[in-house]
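Notes follow the structure.
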Amino acid sequence: MRQKQGRYRPGGRPASVTPDERDRLKFQMVRVRFAPSPTGYLHIGSARTFIFNWLFARRQQGTMILRIDDTDVERNTQASLDSIYDGLNWLDLGWDEFYRQSDRFELYTKAAWEVFEKGHAYRDFTPMNAAPEEKSDSGGWLCNPGMRELSREESDRRAAAGEPFVLRFRVPRETGRVVTFKDLVYGDQAKSTADIEDFALLRSNGAPTYHHASCVDDADIRITHIVRGQDHLSNTFKHILLFEALGVEPPLFAHLPLLIAPDGSKLSKRRHGPVVSVMTYRDAGFLPHAYVNFLCLLGWNPKDDREKMSRQELIDAFSFEGVNRSNAVVNFTEEDPIDPKALWLNSQHIYAMSVPDLAALLKPVLELAGFAVDDGRLLKVTALIQERIKTLKDAPSVADFFFADQLAPYDPAELIPQKGDGAMAHKVLERAKESLATAEFTHEGLETALRADATALGLKAGQMFQPIRVAVCGRKNAPPLFETLEVVGRDACLKRIGQALAMLNSQESK
RNA sequence: GGCGCUAUCGUCUAAGGGUUAGGACGGAGCCCUCUCAAGGCUCAAAUACGGGUUCGAAUCCCGUUAGCGCUACCA
């Protein structure tokens with residue numbers, strides 16, 4: 001499968017392109033990237049950004065690139081990186097090329113000093129922990145006074161003397177120029193250079209900043225469309241200036257509305273807990289594609305009424321025209337941590353699966369719950385529970401009685417039918433015991449026999465069936481009775497009915 | 001504070017000058033029915049506020065309010 005190509009394999013070689021290929025691809029081939037920084041697990045908002053990039057790439061027959069933005073050595077951890085891969089692998093979408101910024105530091109350093117030599121950057125020797133109060137005053141925040149105007153000689157002298165500095169971009173604000181670009185989602189954007197601050201390119205430890213490394217990489221790997229969260233919309237003006245200083249044409253931009261919490265705040269692990277991690281949805285028994293489908297519907301629509309869509313349908317329908325501009329709330333509460341619509345969409349995808357496919361997914365879940373799972377029986381059970389589970393994780397609690405040797409304890413009062421009493425339950429179960437011992441053990445045969453029994457006893461169908469259901473399933477709600485009996489099997493049915501009768505007897509004797 | 005972005009049912013969204021403002025989730029009710037589901041039908045539920053422009057505004061413009069983002073040697 002093409003999508004599998006880019007899957008991360010620990011120890012595997014990352015995909016790459018040769019310079020020759022690059023020139024060929026440059027010829028208007030769409031190239032997009034997802035660029036997470038490994039400072040935590042894969043956030044659902046990041047996952048959605050990845051998905052939109054992927055959809056656009058596939059739609060345009062372009063290239064999907066994964067780039068790890070790990071320029072901040074202080075904050076990045078291997079554990080975070082691994083959990084991001086876990087999340088991406090679960091989504092099962094894949095990528096075509098891979099880059100890691102920590103492998104490419106020389107590229108950024110070289111580019112930064114080129115920008116400096118061209119006069120678009122200057123050394124700022126202000127100590128790292130300098131008082132920030134100055135910045136909040138009007139105008140003062142644009143740059144640190146004095147440093148911008150330092151002569152080249154003085155700058156070189158202080159640098160040679162070992163004084164630490166950050167390399168800062170020189171925004172051409174005195175020109176009064178207005179930077180503009182057309183965002184594929186948000187439309188025409190404009191900002192005066194007078195309102196753009198001198199941002200850092202290189203830290204005092206020599207490491208590049210996000211803005212710098214990101215732009216240098218985007219230029220180097222020939223990204224054609226930057227598709228990212230709307231939180232970068234304001235940063236884009238800086239990036240355009242940097243692209244120009246680097247001497248390259250800026251790519252196109254498409255910013256995506258953000259995913260937010262029900263109270264309007266941004267999703268955070270501290271405040272909102274595990275709902276912000278994609279792994280939560282895997283662990284909750286979601287189908288990866290169902291969750292992808294759900295995320296797509298947050299901030300995008302196919303311009304018709306479709307909700308449940310296949311991967312191919314999403315690819316075919318995707319465009320930035322369909323992306324809207326306001327942030328989308330992920331609907332969850334403390335009691336109900338999963339968005340109800342996500343749950344519904346998951347159930348829709350489960351219902352649409354073939355029984356063997358679903359059974360294959362259910363098997364490990366049931367085994368994990370401690371059941372010995374026979375494949376033949378699993379297929380039959382799957383058909384019966386398919387419309388009764390919303391997630392894979394629902395299966396053990398819905399299908400337990402098909403696999404357990406011994407039923408979980410239940411209240412014998414549940415055996416008593418509507419408008420009936422213990423005597424009626426007793427009568428029903430005795431009669432059923434006889435019928436089940438001799439009836440043809442298929443759902444048709446069982447239905448014929450048990451309906452005849454109900455008539456013979458002068459009972460309504462429900463009054464006849466409910467005690468049997470409870471005796472065999474251990475609860476009032478279960479799949480259709482005759483199919484269920486058939487799958488449970490004659491011996492187990494008779495045994496459980498016998499146990500139910502014993503429970504009724506001991507109740508009455510009290 | 002400065003700059004930028006956004007604003008339709010509780011939530012996700014459609015309608016980009018003329019509709020009884022549509023669909024979906026969730027909620028309520030009914031039907032189907034051996035229970036539970038699934039499915040079908042019905043109901044409640046929205047254009048933040050104020051000004052314009054126009055014969056006509058959810059839609060265009062301005063303002064207000066609210067939310068979000070950027071304003072780091074985080075990304």
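Every chain is numbered from 1 and lettered A, B, ... according to where its sequence line falls, protein lines coming before strand lines.
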### Query
Between A/Tyr186 and A/His255, is the ring centre distance below 6.0 Å?
no

### Query
Does A/Lys390 place a side-chain N or O at less than 4.0 Å from the phosphate oxygens OP1/OP2 of B/A38?
yes

### Message
Nearest to the A/Phe465 side chain among B/C34, B/A75, B/A38, which nucleotide is it?
### Response
B/C34

### Query
B/C34, B/G26, B/A14: which one has an atom nearest the side-chain heavy atoms of A/Arg451?
B/C34

### Query
With a 4.0 Å cut-off on heavy atoms, is A/Lys460 in touch with a base, just the backbone sugar-phosphate, or nothing at all?
nothing

### Query
Below 6.0 angstrom between ring centroids: does that apply to A/Phe332 and A/His272?
yes

### Task
Provide the Watson-Crick or G-U wobble partner of B/C34, both distances under 3.5 Å; none if there is no partner.
none

### Task
Assess the side chains of A/Gln101 and A/Asp70: does a donor N or O sit below 3.5 Å from an acceptor N or O?
no

### Task
Pick base, sugar-phosphate or nothing for A/Pro262, based on heavy-atom distances below 4.0 Å to the nucleic acid.
nothing

### Query
In whole Å, what is the span from the CD1 atom of A/Ile468 to the C1' atom of B/C34?
10 Å

### Task
Scan A/Ser204 against the nucleic acid and name what it touches under 4.0 Å (heavy atoms): base, sugar-phosphate only, or nothing.
base

### Task
Just name whichever nucleotide pairs with B/A58, Watson-Crick or G-U, keeping both distances under 3.5 Å, else none.
none

### Task
Would you indicate what A/Thr71 reaches in the nucleic acid, counting non-hydrogen atoms under 4.0 angstrom: base, sugar-phosphate, or nothing?
sugar-phosphate

### Query
Reading nucleotides 3-12 of chain B from the 5' end, what letters show protein touch, with B for base, S for backbone sugar-phosphate only, - for no heavy atom under 4.0 Å?
S-SSS---SB

#### Entry: Aromatic ring proximity A/Phe320/A/Phe318, centre distance under 6.0 Å
yes

### Query
Could you give the CG-to-P distance, from A/Leu201 to B/A72, as a whole number of Å?
15 Å

### Check against side-chain hydrogen bond (donor to acceptor under 3.5 Å, both in side chains), A/Thr391 and A/Asn346
CA-CA 7 Å; A/Thr391 71; A/Asn346 197 52; 5.4 Å; no

#### Entry: For atom CZ of A/Phe199 and atom P of B/U71, their distance in whole Å
12 Å

### Message
Can you list everything that forms a ring-ring contact (aromatic ring centres under 6.0 Å, His included) with A/His120? Sequence neighbours excluded, please.
### Response
none

### Message
Between the side chains of A/Asp124 and A/Arg170, is the shortest nitrogen-to-carboxylate-oxygen separation below 4.0 Å, so that they form an ion pair?
### Response
no

### Query
Checking all strands, does A/His232 fall into the base, sugar-phosphate, or nothing category for heavy-atom contacts under 4.0 angstrom?
base

### Task
Could you check which of B/U71, B/C73, B/G26 has an atom nearest any side-chain atom of A/Glu197?
B/U71

#### Entry: 5' priority, RNA chain B, between A/Leu481 and A/Pro36 [closest heavy atom]
A/Leu481

### Message
So, OP1 or OP2 of B/A37: does either fall under 4.0 Å of a side-chain N or O from A/Gln348?
### Response
no

### Message
On RNA chain B, does the nearest nucleotide to A/Ala342 precede the nearest nucleotide to A/Lys303 from the 5' side, or the other way round? Give the residue.
### Response
A/Lys303

### Query
With sequence neighbours excluded, what pairs up with A/Asn293 under the side-chain hydrogen bond (donor to acceptor under 3.5 Å, both in side chains) test?
A/His349

### Task
Round to a whole Å and report the spacing from NZ of A/Lys266 to P of B/A75.
14 Å

### Message
For a quick check of understanding: with a heavy-atom distance under 4.0 Å over all strands, which category does A/Pro479 fall into, base, sugar-phosphate or nothing?
### Response
base

### Message
Base, sugar-phosphate or nothing for A/Ala478? Non-hydrogen atoms, less than 4.0 Å.
### Response
base

